[in-house]
A.B. asks: 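My questions will all concern the structure given below.
Order of the sequence lines fixes the chain letters, A, B, ..., with proteins taken first and strands second; residue numbering starts at 1 for each chain.
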Amino acid sequence: MRRVKPRTPPGMRDFTPTEVRQRTWVIERIRTVFERFGYEPVETPTLELFETLKGKLGDEGEQLLFKVLRRGTALEDLRLGRVNRVEVTDFDEVVDYALIYDLTVPFSRFLAMHPTLPMPFKRYQIQRVWRGDKPQRGRYRELYQCDVDVAGSASMLADAEIIAITVEALGELGFEEFTTRIGHRKLLDGLVESAGGGEHFQNICVAIDKLEKIGSDGVREEMARRGVPAEIATGILKQVTQEGPAPEILKRLEAPLAATRQGPQGIAETRELLAILSAMGVPEQHYRLDLRLVRGLDYYTGPVFESIVTRPAIGSLTGGGRYDELIGRFTGQPLPATGTTIGLERIIDAMKEHDLLPAAGSTTDLLVTIFDEATREAALRLATELRAAGLRTEVLLKPSRGLKQQIAYASAKGIPLLAIVGPDELAAGLVTLRAGPRDQRQVPRDRAAAEARTFLDALAGS
RNA sequence: GUGGGCAUAGCUCAGUUGGUUAGAGCGCUUGACUGUGGCUCAAGAGGUCGCGGGUUCAAAUCCCGUUGUCCACCCCA
């Protein structure tokens, strides 16, 4: 038989036990922070109806969706070889579902279907999402996202809490040098309007978003290429690149934005948001106002945020914002909402770089060695008792000659403790507990579980 | 979609200006070692050198194409 070269789909990965333990550790820390603020867990399906996701992610996002072929169409005849050609005139005719692209759209659909939840509803959701991107550093096709969102509140209290959670979560994971950039769609809207570039809003946003990367001149070129008049580009760049403390920047924006539709509200909201963050005691080095922050997704309507670390250069670790109109697209009733995503894969990549991940560890506390046929029963009985006492206990599930192989197995698996019940121990009513070549003690058989536990605690403490 | 690097055993990789039968480590299988430093020792299985074509007396090695993968751009977590 022809062998299949083993490989995973592009951008999708296997995780070894050690990696899964590390990832679980990180997820649990993030979950702890979410729950510390009173957020509740929610889960939604892996697939959504294509119509649910359609028109919410922007052209770019929608292109990256993994779509699922509808069953029972003419395509099925093609698969079975009944026909060799199929004509498709309507996309929806052949696609009915898609793998979820983010957790925000599914959550919005969820809210629309569960109107009786206590409001404001604060939920967190940790699941896989899929994107048909071209994989590269920090970019995968299958990834975990950890979302926290508040629905049913238009108050900046909600946005501030989301930012506070972001900062606390990154701190909890051991990051020290990170910043959450805070922008505001209404400020941006006002700026563009005051510069007379209303009709170019999308193009201007795309260009401004690249400011960090390509610099002022680059943005000017980008705008020119996208048909934005030079004087408008210059006007916007001047506003967006101004330096100084946030209150002063906002003060300076007052006059130019006074006559715009969204500007004054953007200024007021941003001021309030910053005031709340300050009142909450969120460390100032971890957030800053950044008028340049745009963020690509279509559905943002208010404050937007993203967190970056200086090292490694893998883009943002978190990203989110307010989306007051998304849920209304399912119900017809507006329901304000805001939230953020913590990208697990990039968090892990960054933690690796900073050496913040916990040591390998083990899922097993101890291995009871099976000395020989005659003592096997005694070993199995001890293992059962240790398990009953709550210790994670295993025996080697294959015949082995002597202890060497069993010790080697325990070592390879990182099992910290060995319990040996050989003929000598059996005769004396003892068990040998062994943590290492020079670290072993004999304890009474009936105290094995308690002694093992103190031994393990001592090992963990040292 | 555009550009660049890489592709040799299940995994990580070595392989000299093109020159005999393509190697190592890890892992796997078998055997030796009758209660302990995470082994050691012996043997073994495992390869269309990504695929297709070309140059040459001779190609893992040089050339062209193709596919895969990684990196950068776009966008994003």
A.B. asks: When rounded to the nearest 0.5 angstrom, what distance separates OG1 in A:T166 from CD1 in A:I182?
C.D. replies: 9.5 Å
A.B. asks: A:L103 has an atom CG; how far is it from atom C1' of B:C76, in whole Å?
C.D. replies: 14 Å
A.B. asks: Return one dot-bracket line describing RNA chain B 5' to 3' (Watson-Crick or G-U wobble pairs, both distances under 3.5 Å; ( ) same strand, [ ] crossing, | another strand, . none).
C.D. replies: (((((((..((((.....[...)))).(((((.......))))).....(((((..]....))))))))))))....
A.B. asks: Between CZ of A:R141 and OG1 of A:T8, what distance do you get to the nearest 0.5 Å?
C.D. replies: 11.0 Å
A.B. asks: Using whole Å, what does the distance between atom P of nucleotide B:G1 and atom CG of A:D133 come to?
C.D. replies: 13 Å
A.B. asks: CD/A:Q440 to CG/A:L417 distance, rounded to the nearest 0.5 angstrom?
C.D. replies: 10.5 Å
A.B. asks: Is any side-chain heavy atom of A:I30 less than 4.5 Å from a side-chain heavy atom of A:E172?
C.D. replies: no
A.B. asks: As an exercise, state the distance from CG of A:L418 to CG of A:D439, rounded to the nearest 0.5 Å.
C.D. replies: 12.0 Å
A.B. asks: Taking protein heavy atoms under 4.0 Å as touching, what does nucleotides 33-42 of chain B look like 5' to 3' if B marks base contact, S marks sugar-phosphate-only contact and - marks none?
C.D. replies: B-BBBBB---
A.B. asks: Is there a residue in residues 6-19 of chain A whose heavy atoms reach under 4.0 Å of RNA chain B, and which residues are they?
C.D. replies: A:P6, A:R7, A:P10
A.B. asks: Closest heavy-atom contact between A:I327 and A:A112?
C.D. replies: CG2-N, 4.4 Å
A.B. asks: Go through the steps to decide whether A:F330 and A:T52 satisfy the test side chain to side chain contact (heavy atoms under 4.5 Å, CB included), and finish with yes or no.
C.D. replies: CA-CA 8 Å; A:F330 294 105; A:T52 300; 3.7 Å; yes
A.B. asks: With rounding to the closest Å, how many angstrom separate the C1' atoms on B:U55 and B:C62?
C.D. replies: 8 Å
A.B. asks: May I have the distance from A:E62 (atom CD) to B:C75 (atom C1'), rounded to whole angstrom?
C.D. replies: 15 Å
A.B. asks: Which part of the nucleic acid does A:T318 contact within heavy-atom distance under 4.0 Å: base, sugar-phosphate only, or nothing?
C.D. replies: sugar-phosphate
A.B. asks: Using only modelled atom types and a 3.5 angstrom limit, is any donor from either the side chain of A:R137 or the base of B:A72 paired with an acceptor on the other?
C.D. replies: no
A.B. asks: Provide the distance between the two C1' atoms, one in B:A45 and one in B:G31, to the nearest whole Å.
C.D. replies: 15 Å
A.B. asks: Quantified in whole Å, what is the P atom distance between nucleotide B:C6 and nucleotide B:A14?
C.D. replies: 11 Å
A.B. asks: For atom P, what is the distance between B:U30 and B:G46, given to the nearest Å?
C.D. replies: 16 Å
A.B. asks: Given side chain to side chain contact (heavy atoms under 4.5 Å, CB included), test A:E62 with A:F50 step by step and report yes or no.
C.D. replies: CA-CA 10 Å; A:E62 202 160 307; A:F50 182 61; 4.2 Å; yes
A.B. asks: Drop me the distance from A:I208's CD1 to A:M223's CE, to the nearest 0.5 angstrom.
C.D. replies: 4.5 Å
A.B. asks: Kindly indicate, with the supporting measurements, whether the criterion side chain to side chain contact (heavy atoms under 4.5 Å, CB included) is fulfilled by A:L170 and A:L317.
C.D. replies: CA-CA 9 Å; A:L170 290 174; A:L317 261 44; 4.2 Å; yes
A.B. asks: With nearest nucleotide decided by heavy atoms, which residue, A:S316 or A:K134, maps closer to the 5′ end of RNA chain B?
C.D. replies: A:K134
A.B. asks: Using the C1' atom on both, measure B:A59 against B:C49 and round to a whole Å.
C.D. replies: 11 Å
A.B. asks: Any chance you could measure A:R392, atom CZ, to A:L386, atom CG, to the nearest 0.5 Å?
C.D. replies: 13.5 Å
A.B. asks: Can A:R381 and A:E377 be counted as an ion pair, charged N to O under 4.0 angstrom?
C.D. replies: yes
A.B. asks: Short question: side chain of A:H286, backbone of A:F178 - any donor-acceptor pair under 3.5 Å?
C.D. replies: yes
A.B. asks: May I have the distance from A:E306 (atom CD) to B:C76 (atom P), rounded to whole angstrom?
C.D. replies: 9 Å
A.B. asks: For RNA chain B, whose closest nucleotide is more 5', that of A:P135 or that of A:R141?
C.D. replies: A:P135
A.B. asks: For B:U67 versus B:A24, give the span between their C1' atoms, rounded off to a whole number of Å.
C.D. replies: 29 Å
A.B. asks: Mind checking if A:Y140 touches a base, just sugar-phosphate, or nothing, with heavy atoms under 4.0 Å?
C.D. replies: base
A.B. asks: Just the rounded figure in Å: distance from P of B:C76 to CG of A:D102.
C.D. replies: 12 Å
A.B. asks: Over how many whole Å does the gap from A:Y101 atom OH to B:C75 atom P extend?
C.D. replies: 12 Å
A.B. asks: Separation of A:E345 atom CD from B:C76 atom C1', in whole Å?
C.D. replies: 14 Å
A.B. asks: Once you round it to whole Å, what is the distance between P of B:A72 and CZ of A:R139?
C.D. replies: 9 Å
A.B. asks: Hey, is the side chain of A:Q136 poking within less than 4.0 Å of OP1 or OP2 on B:C70, counting only N and O atoms?
C.D. replies: no
A.B. asks: Quote, to the nearest angstrom, the C1' distance that separates B:C39 from B:C33.
C.D. replies: 11 Å
A.B. asks: Per the atom types in the model, does the base of B:C76 pair as donor or acceptor with the side chain of A:R346 at under 3.5 Å?
C.D. replies: yes
A.B. asks: Measuring only the P atom in each nucleotide, how far is B:U69 from B:U12? A whole number of Å is fine.
C.D. replies: 14 Å
